[in-house]
Protein chains: 2
Amino acid sequence: MTKSSRSGLQQKRVTLRDVADRAGVSETTASHVMTGRRYVAEATQQRVLSVMEELKYRPNQVARSLRARSTSTVAFIVKDIANVSATTSIREAAALLRRRGFATTMVDSPDEGFSSGLLQQVVDRLPSGVIFFGQDPEPAAARLLRQASVPFVVGGLGAAHTGDWDIVYTDQAAAIRRITAVGLAHSQSRVCFIGGNWDDEGARTRLKGFTQAIEASRGALNSRDVQLVPYTVEGGRSAMANLLSDPPTLVVCGSDQIAIGAILKAQEAGLRIPQDIEVSGFDNVEASEIIRPSLTTIDARLAEQGMICAEMLLQRIELPESAAQRRELEPRVMERQSMRLSP
Amino acid sequence: MTKSSRSGLQQKRVTLRDVADRAGVSETTASHVMTGRRYVAEATQQRVLSVMEELKYRPNQVARSLRARSTSTVAFIVKDIANVSATTSIREAAALLRRRGFATTMVDSPDEGFSSGLLQQVVDRLPSGVIFFGQDPEPAAARLLRQASVPFVVGGLGAAHTGDWDIVYTDQAAAIRRITAVGLAHSQSRVCFIGGNWDDEGARTRLKGFTQAIEASRGALNSRDVQLVPYTVEGGRSAMANLLSDPPTLVVCGSDQIAIGAILKAQEAGLRIPQDIEVSGFDNVEASEIIRPSLTTIDARLAEQGMICAEMLLQRIELPESAAQRRELEPRVMERQSMRLSP
DNA sequence: TTGAAAGCGCTACCAT
DNA sequence: ATGGTAGCGCTTTCAA
């Protein structure tokens with residue numbers, strides 16, 4: 001017993017029972033003092049409160065959750081936690097949720113999707129809601145959540161879609177269309193696109209925007225003007241390497257990473273940006289301001305989308321039956337040096 | 001009833017009771033089939049399992065947590081979720097923890113620290129453990145956790161320290177000392193340091209490393225050779241602007257952000273890196289490979305630290321009374337173009 | 001080899 | 001204006 005506190009000593013937590021006993025009231029009343037859900041005489045109230053203070057009482061959230069059948073926790077599901085676009089949005093959402101009494105747990109959705117039962121694990125913990133960010137839930141995932149009556153919203157998307165749930169998105173195809181059209185106006189010859197791989201929905205959306213712009217202005221798109229690579233600097237480099245046999249004058253990229261790789265590769269080959277090749281990116285990552293020339297890009301306003309997701313989810317939790325909302329945000333074009341937008 | 005399922009329909013979750021009834025066994029046995037904590041006859045076992053499958057039974061984790069008085073959830077506390085150094089470490093830790101059945105919740109510790117009661121909120125949810133990353137817990141925070149018997153570990157530190165708990169760290173002062181000493185060997189005149197503001201512990205540690213190197217080689221440090229600024233590109237720019245009245249030949253920086261700002265500013269002033277000024281950074285962020293010249297910097301191996309934190313925490317959860325561990329990792333010097341390390 | 005039953009700490013329905 | 005008490009869904013003695 002003289003040994004420094006053994007874990008066996010188990011400082012048993014103070015329970016509501018303890019408080020009630022000490023204050024000479026019933027658990028019921030103590031509970032109502034705490035929650036304020038029922039009138040309690042001023043005097044009793046004070047008494048209970050001071051006992052709570054004295055005993056340093058803290059309600060056991062797990063017990064509350066068991067009764068309430070919900071944990072006041074929101075699961076934020078993203079493809080890759082370490083991805084910048086994910087984290088800025090999470091921060092905003094988490095801050096807002098915390099102010100409303102919700103904890104946020106982050107789930108890094110594995111490459112295999114949810115087949116592994118990961119989502120089931122999430123659901124087993126009875127979250128109050130789920131936010132999917134940057135990816136639409138697969139049908140099976142949506143079904144699972146519906147079945148378990150777990151409200152969810154989806155944000156960070158690149159297009160509206162037909163799912164029967166709340167979404168926040170920017171029209172990424174339109175943004176790419178716009179930037180491509182501007183480029184076409186002052187780029188006379190070869191115009192190319194380097195995008196993310198086909199399995200990513202955002203990548204497909206952006207390619208669609210590019211295709212539309214080309215078709216509207218020049219007719220058919222030549223498939224050798226399109227390169228699909230991983231969303232990495234290395235991907236951008238290798239795509240640009242392929243393109244350099246017949247150097248383009250404008251390269252629209254599906255991500256800043258790719259654009260940066262493309263720029264570096266072109267520069268190594270002795271080409272000047274933007275004089276010889278204009279390049280645009282997508283995301284507005286920090287490095288886009290640092291690279292020289294700085295990168296003209298598109299900002300999908302993910303932080304704002306994160307906040308909006310959180311707000312929408314809270315609404316959905318309160319009114320589970322209201323009609324699904326679709327919120328569109330205008331993507332922001334960031335004009336820098338790698339591509340000029342004025343004629 | 002033809003209306004699409006109202007939430008009022010409340011598909012009541014399948015409970016262990018339901019399974020037991022259907023399988024004609026007691027709740028006890030059903031429970032033991034699930035947990036495997038007691039022998040159950042092969043036949044009964046099969047019967048119960050198939051009923052579970054049939055009813056799609058899923059154990060209610062909240063109820064389990066209430067009994068177990070712990071949630072198999074780990075809280076990961078960082079200064080700023082959106083910070084790269086935080087997220088790479090979180091990803092590794094979260095992945096490892098998930099494999100061991102733990103969920104991870106992220107807590108963005110506010111500027112005011114935990115005075116706000118945030119940590120208490122975390123504790124109220126009965127986490128199985130807490131990881132502090134990039135900051136030592138304040139004494140009050142440590143006390144609170146100890147009192148609630150919540151195990152915790154601390155990682156991402158810049159130095160060992162005296163706290164009576166598990167830590168993972170790199171010797172950041174030594175790393176800066178080393179890089180400064182190398183620079184001093186081939187930099188004949190003005191050697192400066194641009195670091196983060198004084199309120200950050202890492203910033204103080206790094207400045208100390210610089211000071212020690214200078215004192216070991218040239219005696220006293222001239223205070224006008226040290227600039228303290230926020231950890232941002234802008235901070236680096238303005239610090240370099242101050243220094244340019246008498247251009248340094250070597251600038252050691254407390255972060256890559258700062259170093260990048262410093263490089264950009266110097267280049268705008270017509271100075272060449274590294275010919276006129278050598279510059280080093282700290283962190284090894286992605287942009288350090290992208291900037292030209294690429295940035296020589298120090299990698300504190302945060303992802304590994306994150307994993308180690310997770311491992312240590314799991315050990316601590318199992319053996320709460322074992323002696324505190326101190327794990328030191330060697331920081332990695334990344335030699336790139338902005339400063340050469342060979343003579 | 002299996003069950004009955006007592007809780008974990010809280011909330012809310014009935015009472016009075 | 002306040003209490004008694006029955007659970008929420010699970011685990012775990014104790015008993016058979």
Side-chain angles (χ1 to χ4, degrees), chain A residues 10-49 51-52 55-73 101 123-128 148-149, chain B residues 10-49 51-52 55-73 101 123-128 148-149:
Chain A
Q10 281 300 14
Q11 31 243 326
K12 89 179 170 327
R13 268 182 76 105
V14 179
T15 75
L16 197 52
R17 176 79 268 149
D18 300 330
V19 172
D21 287 351
R22 196 108 209 287
V25 297
S26 68
E27 254 185 291
T28 310
T29 296
S31 170
H32 284 116
V33 167
M34 182 165 60
T35 62
R37 286 202 253 266
R38 170 166 112 173
Y39 178 85
V40 177
E42 184 65 26
T44 358
Q45 211 167 125
Q46 288 313 323
R47 194 148 32 91
V48 173
L49 284 173
V51 170
M52 283 180 169
L55 300 186
K56 295 211 173 65
Y57 169 75
R58 300 259 77 212
N60 180 327
Q61 297 299 341
V62 176
R64 290 183 142 180
S65 299
L66 179 59
R67 274 248 26 163
R69 294 173 155 79
S70 162
T71 52
S72 325
T73 291
V123 170
D124 288 346
R125 287 167 183 275
L126 309 188
S128 298
S149 331
Chain B
Q10 280 300 11
Q11 31 242 328
K12 88 178 171 327
R13 269 182 76 105
V14 179
T15 75
L16 198 52
R17 175 82 268 147
D18 300 330
V19 172
D21 288 352
R22 197 110 208 288
V25 298
S26 70
E27 252 185 291
T28 311
T29 296
S31 170
H32 284 117
V33 167
M34 183 165 61
T35 63
R37 285 202 253 266
R38 169 167 113 175
Y39 178 86
V40 176
E42 184 64 26
T44 357
Q45 210 166 128
Q46 287 314 323
R47 195 148 32 91
V48 172
L49 283 173
V51 171
M52 284 181 169
L55 300 187
K56 295 210 173 67
Y57 169 74
R58 299 258 77 213
N60 180 327
Q61 297 299 341
V62 176
R64 289 183 143 178
S65 299
L66 179 59
R67 273 247 26 160
R69 293 171 154 83
S70 164
T71 51
S72 329
T73 292
V123 171
D124 288 347
R125 288 167 183 276
L126 310 188
S128 299
S149 333

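Below, each value reflects all heavy atoms present in this structure, side chains not excepted, and no hydrogens, waters or symmetry copies. Naming: A, B, ... by sequence-line order, numbering from 1 per chain.
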Report all interatomic pairs (protein N or O, nucleotide N or O of nucleotides 14-16 of chain C) with separations under 3.5 Å.
none

Between the protein and nucleotides 9-12 of chain D, which nitrogen or oxygen pairs are less than 3.5 angstrom apart?
| residue | atom | partner | partner atom | Å |
| --- | --- | --- | --- | --- |
| D:dC10 | OP1 | B:Y57 | OH | 2.4 |
| D:dC10 | OP1 | B:N60 | N | 3.0 |
| D:dC10 | OP2 | B:L16 | N | 2.5 |
| D:dT11 | OP1 | B:R64 | NE | 2.8 |
| D:dT11 | OP1 | B:R64 | NH2 | 3.3 |
| D:dT11 | OP2 | B:S31 | OG | 3.0 |
| D:dT11 | O2 | B:R67 | NH1 | 2.2 |
| D:dT12 | OP2 | B:R37 | NE | 3.2 |
| D:dT12 | O4 | B:T28 | OG1 | 3.2 |

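A donor-acceptor contact shorter than 3.5 Å is absent between the side chain of A:T44 and the backbone of A:V40.
A:T29 pairs by the side chain to side chain donor-acceptor pair (under 3.5 Å) definition with A:S26, not counting sequence neighbours. Residues satisfying the side-chain contact (heavy atoms from CB on, under 4.5 Å) test with A:S70, not counting sequence neighbours, are A:S128. Listed by chain and number, the residues in a side chain to side chain donor-acceptor pair (under 3.5 Å) with B:R22 are B:E54 (sequence neighbours excluded).
At least one side-chain heavy atom of B:R47 sits less than 4.5 Å from a side-chain heavy atom of B:V25.
Within the nucleic acid shown, A:T44 comes within 4.0 Å of sugar-phosphate atoms alone, with no base atom in reach, counting heavy atoms only. Within 4.0 Å of B:V25, counting heavy atoms only, lie sugar-phosphate atoms of the nucleic acid but no base atom.
Remark: P of C:dT1 and CZ of B:R47 are 14 Å apart, rounded to the nearest angstrom. Per the geometry, CG belonging to A:D21 stands 14 Å off C1' belonging to D:dG4, to the nearest Å.
Pairs engaging residues 56-67 of chain B under the side-chain hydrogen bond (donor to acceptor under 3.5 Å, both in side chains) rule: A:D124-B:R58 [sequence neighbours left out].
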Exercise for the section: Check the pair A:R38, A:T28 against side-chain hydrogen bond (donor to acceptor under 3.5 Å, both in side chains), reporting the backbone distance first and the verdict last. Expected result: CA-CA 10 Å; A:R38 170 166 112 173; A:T28 310; 5.6 Å; no
